[in-house]
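Reckoned from all heavy atoms, side chains included, excluding hydrogens, waters and symmetry mates. Only a predicted model underlies this, so the values are computations on that prediction, with no experimental measurement involved.
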Amino acid sequence: MHPVLFTFPLGRREIALHSYGLLIAAGLAIGIWLAHREGERRGLDGGRVLDLAFWLVVSGLIGSRLTYGLVNARSFFHACLDGGGPWWRDCTSLLAVWEGGLVFYGGVAVAALVAYLFARRERWAFGDVGDLFVPGLAIGHAFGRLGCFAAGCCFGKETASRIGVAFPRGSVAFDVLERAGAIPPGSGETPPLHPTQLYEAGGELVLFALLCALRPRLRRQPGALMLSYLGLYALLRFVVEIFRGDVLRGFPIELETPRLAGWLGLPPVEPIFLSAGQIGSLLTALAVAAALVWRHKAPRTPAP
């Protein structure tokens with residue numbers, strides 16, 4: 001794991017190239033390229049598709065980072081007041097996106113609103129726009145989770161299995177667990193943790209392949225591909241959240257399930273339901289179900 005690939009001098013300072021930011025940029029580039037290619041194939045203006053992609057990226061990053069800031073508002077507040085570095089760096093840490101910390105559901109919600117407004121102005125069907133971008137969203141998110149793995153954020157609970165990954169000093173996982181007193185003094189790495197970042201990245205790659213297979217069959221049903229992705233991702237995310245160990249992100253509804261945790265080989269003292277991500281998954285699943293009911297009941301325009 002290499003949170004920083006390399007540094008290069010710029011005057012009296014050194015600029016670091018972070019793996020997290022590089023992988024997210026790669027995912028965005030691939031996703032935009034896929035959407036642009038599919039848009040032109042459908043007869044849409046490629047330039048307008050790229051314009052929309054730009055605003056989706058900007059709004060998605062802003063929405064996901066602001067949501068992360070809201071979920072971790074207490075940590076950012078204390079860092080600003082009690083941080084050990086310069087006040088301007090501690091109080092603006094929310095802007096340090098390259099260090100990790102993006103909430104996917106927050107970004108999707110804001111980007112969806114922007115996509116709806118853009119589609120309405122261009123007189124495009126919102127369902128077609130969603131279908132255009134969700135395969136790229138899936139592959140882009142997979143790259144993003146690889147970036148999370150490189151930075152050590154979004155880490156999992158402790159595990160004794162062979163799949164456990166120990167994150168070194170300097171990673172987000174090490175820093176968080178060290179502050180929580182979960183790492184013995186003098187240790188240079190975390191205990192073996194579930195690589196939940198890789199779980200989700202692998203799941204997103206499967207979803208990407210499935211979306212590519214379903215696209216030709218659902219082409220005449222605008223929005224069906226988008227709803228398929230949202231529903232399947234909600235299920236994937238809900239399951240992955242069970243194994244997440246970055247509990248500081250919050251459990252708005254904490255349910256005690258020590259027997260289930262023990263059966264899964266997880267620490268019984270750590271909650272597994274219901275994290276903010278799981279609540280987001282449930283809300284997404286409900287929204288998808290409501291959309292499907294609405295689509296079923298909506299009158300269909302007879303074919304000419």
Pair up each side-chain donor or acceptor in residues 125-133 with any protein partner under 3.5 Å, not counting sequence neighbours, and list the distances.
| from | atom 1 | to | atom 2 | distance (Å) |
| --- | --- | --- | --- | --- |
| D131 | OD1 | G223 | N | 3.4 |
| D131 | OD1 | L225 | N | 3.3 |
| D131 | OD1 | M226 | N | 2.9 |
| D131 | OD2 | G223 | N | 2.8 |

- [ ] Output yes when a side-chain donor or acceptor of K157 lies under 3.5 Å from a complementary backbone atom of G265, and no otherwise.
- [x] no

Open item on the list: Can you list everything that forms a side-chain contact (heavy atoms from CB on, under 4.5 Å) with R169? Sequence neighbours excluded, please.
Closed with: F174, E178

Open item on the list: Nearest 0.5 angstrom please: L146 CG to E200 CD, how far?
Closed with: 11.0 Å

Open item on the list: If the condition is side-chain contact (heavy atoms from CB on, under 4.5 Å), which residues does E254 pass it with, not counting sequence neighbours?
Closed with: F251, P271

Task: Contact check, side chains of L177 and F167, non-hydrogen atoms, under 4.5 Å - done: no

- [ ] Could you walk me through whether F155 and T190 pass the side-chain contact (heavy atoms from CB on, under 4.5 Å) test, one step at a time?
- [x] CA-CA 11 Å; F155 55 90; T190 69; over 6 Å; no

Task: Cation-pi, W33 ring and R37 (6.0 angstrom, 45 degrees) - done: yes

Task: Set of residues satisfying side-chain hydrogen bond (donor to acceptor under 3.5 Å, both in side chains) with respect to S228, sequence neighbours excluded - done: none

Task: Partner set under side-chain contact (heavy atoms from CB on, under 4.5 Å) for P268, not counting sequence neighbours - done: P258

Open item on the list: With a 4.5 Å cut-off on side-chain heavy-atom distances among I, L, V, M, F, W and Y, is there a chain of contacts connecting V58 to L56?
Closed with: yes

- [ ] Output the distance between atom CD1 (I32) and atom CG (L52), rounded to the nearest 0.5 Å.
- [x] 10.0 Å

- [ ] Apply side-chain contact (heavy atoms from CB on, under 4.5 Å) to the pair L198 and I163, showing each step before the final yes or no.
- [x] CA-CA 11 Å; L198 301 184; I163 60 176; over 6 Å; no

Open item on the list: Enumerate the salt bridge (Lys or Arg N to Asp or Glu O under 4.0 Å) contacts for residues 220-229, please, sequence neighbours excluded, ordered by first and then second residue.
Closed with: none

TODO: Mark yes or no for whether T196, through its side chain, and V240, through its backbone, hold a donor-acceptor pair below 3.5 Å.
DONE: no

- [ ] Starting from the C-alpha separation in whole Å, work towards a yes-or-no answer on side-chain contact (heavy atoms from CB on, under 4.5 Å) for T159 and L193.
- [x] CA-CA 5 Å; T159 177; L193 307 175; 5.6 Å; no

Open item on the list: Same cluster or not: L286 versus L236, using hydrophobic residues (I, L, V, M, F, W, Y) connected whenever any side-chain heavy atoms lie under 4.5 Å apart?
Closed with: no

Task: Closest approach of A234 to A285 (non-hydrogen atoms, all atoms of both residues) - done: CB-N, 4.3 Å

Task: Hphob cluster co-occupancy, W55 + L44, side-chain heavy atoms under 4.5 angstrom - done: yes

- [ ] Just grab all the side-chain hydrogen bond (donor to acceptor under 3.5 Å, both in side chains) pairs involving residues 201-215, residues at least two apart or on different chains.
- [x] E38-R215, H141-E204, E204-Y229

Task: Heavy atoms of other groups near R120 CZ, more than 12 under 6.0 Å - done: no

Open item on the list: Treating Q197 as the side-chain partner and C153 as the backbone partner, does any N or O pair qualify as donor plus acceptor under 3.5 Å?
Closed with: yes

Task: CG on L28 to CZ on F143, rounded to 0.5 Å - done: 11.0 Å

Open item on the list: So, using side-chain contact (heavy atoms from CB on, under 4.5 Å) as the criterion, who are the partners of E122 when residues are at least two apart?
Closed with: R48, F118, W124

Open item on the list: Walk me through whether L34 and F208 qualify under side-chain contact (heavy atoms from CB on, under 4.5 Å).
Closed with: CA-CA 11 Å; L34 289 172; F208 170 72; 3.7 Å; yes

Task: Q278 side chain vs I272 backbone, donor-acceptor pair below 3.5 Å - done: yes

Task: Smallest separation among heavy atoms of D246 and C154, with atom names - done: OD2-CA, 3.5 Å

Task: Minimum heavy-atom distance R145-A201, with the two atoms named - done: CB-CB, 3.9 Å

Open item on the list: Measuring only between side-chain heavy atoms, which start at C-beta, is R244 closer than 4.5 Å to E270?
Closed with: no

Show every donor-acceptor pair shorter than 3.5 Å between a side-chain atom in residues 106-115 and any protein atom, with sequence neighbours excluded, or say none if there are none.
none

Task: Distance in Å, S59 OG paired with L66 CG, rounded so as to fall on 0.5 Å steps - done: 11.0 Å

Open item on the list: For Y105, give me all partners under ring pair (Phe, Tyr, Trp, His ring centres under 6.0 Å), at least two apart in sequence or on another chain.
Closed with: Y233

Task: Set of ring pair (Phe, Tyr, Trp, His ring centres under 6.0 Å) partners for F273, sequence neighbours left out - done: F238

Open item on the list: Using 0.5 Å steps for rounding, measure from the CG atom of L274 to the OG1 atom of T257.
Closed with: 9.5 Å

- [ ] Enter the distance from L230:CG to L235:CG here, rounded to the nearest 0.5 Å.
- [x] 13.0 Å

- [ ] Can you see which heavy atom on D45 is nearest to which on G47, and at what distance?
- [x] OD1-N, 2.9 Å

Open item on the list: For a quick test of reading the model, state the closest non-hydrogen atom pair linking P267 to A261 and the distance between them.
Closed with: O-CB, 4.0 Å

- [ ] Give the minimum heavy-atom separation between P191 and A182, together with the two atoms involved.
- [x] CG-O, 4.3 Å

Open item on the list: Could you see if L282 belongs to whatever hydrophobic cluster contains I242? Use Ile, Leu, Val, Met, Phe, Trp, Tyr and a side-chain cutoff under 4.5 Å.
Closed with: yes

TODO: Answer yes if F54 and V49 sit in the same cluster of Ile, Leu, Val, Met, Phe, Trp and Tyr residues linked by side chain heavy atoms under 4.5 Å apart, and no otherwise.
DONE: yes

